[in-house]
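Here the structure is laid out as structure tokens; the discussion comes afterwards.
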Amino acid sequence: MTKKIVLVTGGSGLVGSAIREVIEGEKPSDEEWIFASSKDANLCDPESTAAMFDKYKPTHVIHLAAQVGGLFANMKYKVEFWRNNIAMNDNIFQECHKRGVQKLVSCLSTCIFPDKTTFPIDETMIHNGPPHFSNEGYAYAKRMVDVQNRMYKAQHGCNFTAVIPTNIFGKHDNFHLDDSHVIPGLIHRGYLCKQKGEPFTIWGSGKPLRQFIYSTDLARLMIWTMREYEEADPIILSVGEEDEISIADVAHSVAKALDFQGEVNFDTTKADGQFKKTANNAKLRKYLPDFKFTPFDEAMATTVEWFMANYDVPGAVRK
């Protein structure tokens with residue numbers, strides 16, 4: 001049996017690191033996994049991307065590399081989020097098509113869905129209206145991946161697809177104070193507030209609702225997608241609607257994991273972003289009815305433990 005060579009772009013990030021951890025536990029004999037980072041190639045550059053494909057000769061690709069950021073970065077740098085993501089995705093698609101890659105799995109996000117929509121959202125609703133104005137550069141670039149998957153399949157028969165996770169968190173996240181997603185940002189701020197003996201202040205009202213997926217759970221589901229899922233149409237990878245929680249509940253979970261004993265309050269002068277983005281995981285459950293997600297507080301405790309253990313290790317925590 002010919003060995004699969006699986007190339008993971010963005011392999012040193014949050015999801016790539018989680019996939020690596022799962023694969024190291026599995027030790028599949030019929031697969032060789034390569035975790036590429038920005039050191040391996042500039043994916044915005046066609047020649048650099050082609051050179052990486054020349055070097056590794058993948059049969060399968062999981063494309064995680066992207067320019068990503070939190071609410072405030074997305075609002076400030078819309079052109080860069082658009083241009084860099086469009087360039088990366090086009091280069092990856094071209095190389096996979098030219099070289100006959102058997103499977104390409106790209107990673108989208110629930111923030112690409114229309115701002116004005118009914119809930120819960122599902123895979124058929126991506127293009128039903130404009131995304132939230134705050135992240136339109138990123139969202140439109142990512143929507144084009146879904147369009148490309150269908151066009152490459154229709155014209156060339158390519159087996160290209162995409163997953164749509166809800167809000168991801170876990171070890172190896174970006175914990176930068178000003179340019180991170182909600183959970184790593186809260187963990188870092190809560191940690192510093194505990195060190196300084198200050199109140200833990202959360203930006204916004206704490207009322208918005210979100211579904212969060214632990215990076216290890218997402219890794220297991222992305223590996224399944226690469227091996228088993230055959231549709232070009234995307235699949236939402238998420239906990240169920242019943243596991244949606246408020247930002248306030250997230251903040252209290254962070255405080256509990258940090259053993260933070262001080263005051264927790266909310267700065268309502270700061271923007272909240274979208275109130276809710278509830279996603280329907282019925283398609284996932286049709287394929288995997290018995291998949292067990294890690295309980296939220298357990299995943300939070302593991303993430304915070306990793307953050308504290310690695311905080312002073314040079315280069316370990318992106319902060």
Side-chain angles (χ1 to χ4, degrees), residues 2-69 80-81 83-109 138 141-142 144-145 148-149 152 158-165 168 170-174 176 215-216 218-227 229 237 310 314-318:
T2 313
K3 200 176 236 197
K4 291 178 191 164
I5 300 170
V6 188
L7 174 64
V8 182
T9 72
S12 61
L14 168 64
V15 182
S17 299
I19 292 174
R20 182 196 292 267
E21 202 170 282
V22 172
I23 289 298
E24 283 173 355
E26 279 189 7
K27 299 183 176 61
S29 59
D30 61 337
E31 295 168 357
E32 179 187 341
W33 286 73
I34 296 147
F35 294 87
S37 72
S38 54
K39 295 186 187 76
D40 290 271
N42 170 11
L43 298 182
C44 292
D45 176 59
E47 290 179 6
S48 182
T49 308
M52 180 178 72
F53 274 74
D54 282 338
K55 181 178 177 182
Y56 295 122
K57 299 179 172 54
T59 60
H60 296 66
V61 175
I62 295 179
H63 177 38
L64 303 175
Q67 181 171 344
V68 297
E80 287 81 0
F81 277 95
R83 292 192 69 208
N84 293 338
N85 285 304
I86 284 287
M88 278 188 234
N89 297 338
D90 188 53
N91 291 334
I92 290 290
F93 271 83
Q94 275 294 294
E95 291 304 321
C96 287
H97 163 53
K98 281 192 303 198
R99 294 159 192 270
V101 164
Q102 294 168 36
K103 184 79 165 278
L104 166 62
V105 180
S106 298
C107 193
L108 308 183
S109 160
Y138 175 83
K142 285 294 195 178
M144 291 306 103
V145 169
Q148 285 169 292
N149 283 333
Y152 274 86
C158 298
N159 192 2
F160 297 171
T161 192
V163 300
I164 311 172
I168 314 160
K171 299 179 282 188
H172 304 280
D173 207 341
N174 169 19
H176 192 279
S215 55
T216 304
L218 177 58
R220 289 158 58 212
L221 289 170
M222 287 199 75
I223 294 163
W224 167 82
T225 304
M226 189 274 294
R227 291 173 180 159
Y229 181 73
L237 302 182
N310 289 279
V317 176
R318 289 181 289 162

Write down the atom of Trp33, the atom of Pro28, and the distance for their closest heavy-atom approach. NE1-CG, 4.0 Å
Taking the side chain from Asn85 and the backbone from Gln67, do they hold a donor-acceptor pair closer than 3.5 Å? yes
Determine whether Phe93 and Cys158 make a side-chain contact, defined as any pair of heavy atoms from C-beta on separated by less than 4.5 Å. no
Mind listing the closest non-hydrogen atom pair of Leu237 and Leu218 along with its distance? CD1-CD1, 3.6 Å
Any donor and acceptor pair, going by atom type alone, linking the side chain of Arg20 with main-chain N or O of Ile34 inside 3.5 Å? no
Find out whether Thr216 and Val22 are in side-chain contact, i.e. whether some heavy atom of one side chain is under 4.5 Å from a heavy atom of the other. yes
Atom pair CG (Asn42) and CE (Met88), whose distance is rounded to the nearest 0.5 Å: 8.0 Å
From Thr225 atom OG1 to Ile62 atom CD1, the distance as rounded to the nearest 0.5 Å: 8.0 Å
Which residues pass the side-chain hydrogen bond (donor to acceptor under 3.5 Å, both in side chains) test with Arg227, not counting sequence neighbours? Glu26, Glu31
Inter-residue atom distance Ile86.CD1 - Asn91.CG, 0.5 Å rounding: 11.0 Å
Pair Thr9-Phe35, side chain to side chain contact (heavy atoms under 4.5 Å, CB included): steps then yes or no: CA-CA 6 Å; Thr9 72; Phe35 294 87; over 6 Å; no
Please check if the side chain of Lys98 supplies one atom and the backbone of Glu95 the other of a donor-acceptor pair under 3.5 Å. no
Output for pair (Asn159 CG, Met226 CE), nearest 0.5 Å, gives 11.5 Å
Do Phe160 and Cys96 touch side chain to side chain, with heavy atoms closer than 4.5 Å? yes
Heavy-atom closest pair (Leu7 atom, Ala36 atom, distance to 0.1 Å) is CD1-CB, 3.8 Å
Quick check against the 3.5 Å criterion: does Thr59 have a side-chain atom that pairs as donor or acceptor with the backbone of Ile5? yes
Do side-chain atoms of Asp40 reach the backbone of Ser37 as a donor and acceptor pair under 3.5 angstrom? yes
Any side-chain heavy atom of Val61 within less than 4.5 Å of one from Val8? no
In sequence, state the C-alpha distance, the side-chain angles, and the governing distance for Lys103 and Thr161, and then conclude on side chain to side chain contact (heavy atoms under 4.5 Å, CB included). CA-CA 8 Å; Lys103 184 79 165 278; Thr161 192; 4.1 Å; yes
Determine, stepwise, if the pair His63 / Val105 fulfils side chain to side chain contact (heavy atoms under 4.5 Å, CB included). CA-CA 6 Å; His63 177 38; Val105 180; over 6 Å; no
Tell me the closest heavy-atom pair linking Val68 and Phe81, and the distance in Å. C-CE2, 3.5 Å
Determine whether Val163 and Leu108 make a side-chain contact, defined as any pair of heavy atoms from C-beta on separated by less than 4.5 Å. no
Look up atom NE2 in His60 and atom CD in Glu32, then write down how far apart they are to the nearest 0.5 Å. 13.0 Å
Hey, could you give me the SG/CG distance between Cys107 and Leu64, rounded to the nearest 0.5 Å? 6.0 Å
Closest approach of Val145 to Ala162 (non-hydrogen atoms, all atoms of both residues): CG1-CB, 4.3 Å
Using modelled atom types only, decide if a donor and an acceptor are shared between the side chain of Ser17 and the backbone of Ser12 within a distance under 3.5 Å. yes
How about Asn89 and Gln148: do any of their side-chain heavy atoms sit closer than 4.5 Å? yes
Looking only at heavy atoms, the pair that brings Gly10 and Ala65 closest together is N-CB, 3.6 Å
Does a side chain donor of either Tyr138 or Glu80 reach within less than 3.5 Å of an acceptor in the other side chain? no
Please tell me if the side chains of Leu43 and Ile92 come closer than 4.5 Å, counting only heavy atoms from C-beta onward. yes
Is the shortest side-chain heavy-atom distance between Lys171 and Asn310 below 4.5 Å? no
Kindly assign one of parallel, tilted or perpendicular to the pair Tyr152 and His97, based on the angle between their ring planes and the thresholds 30° and 60°. perpendicular
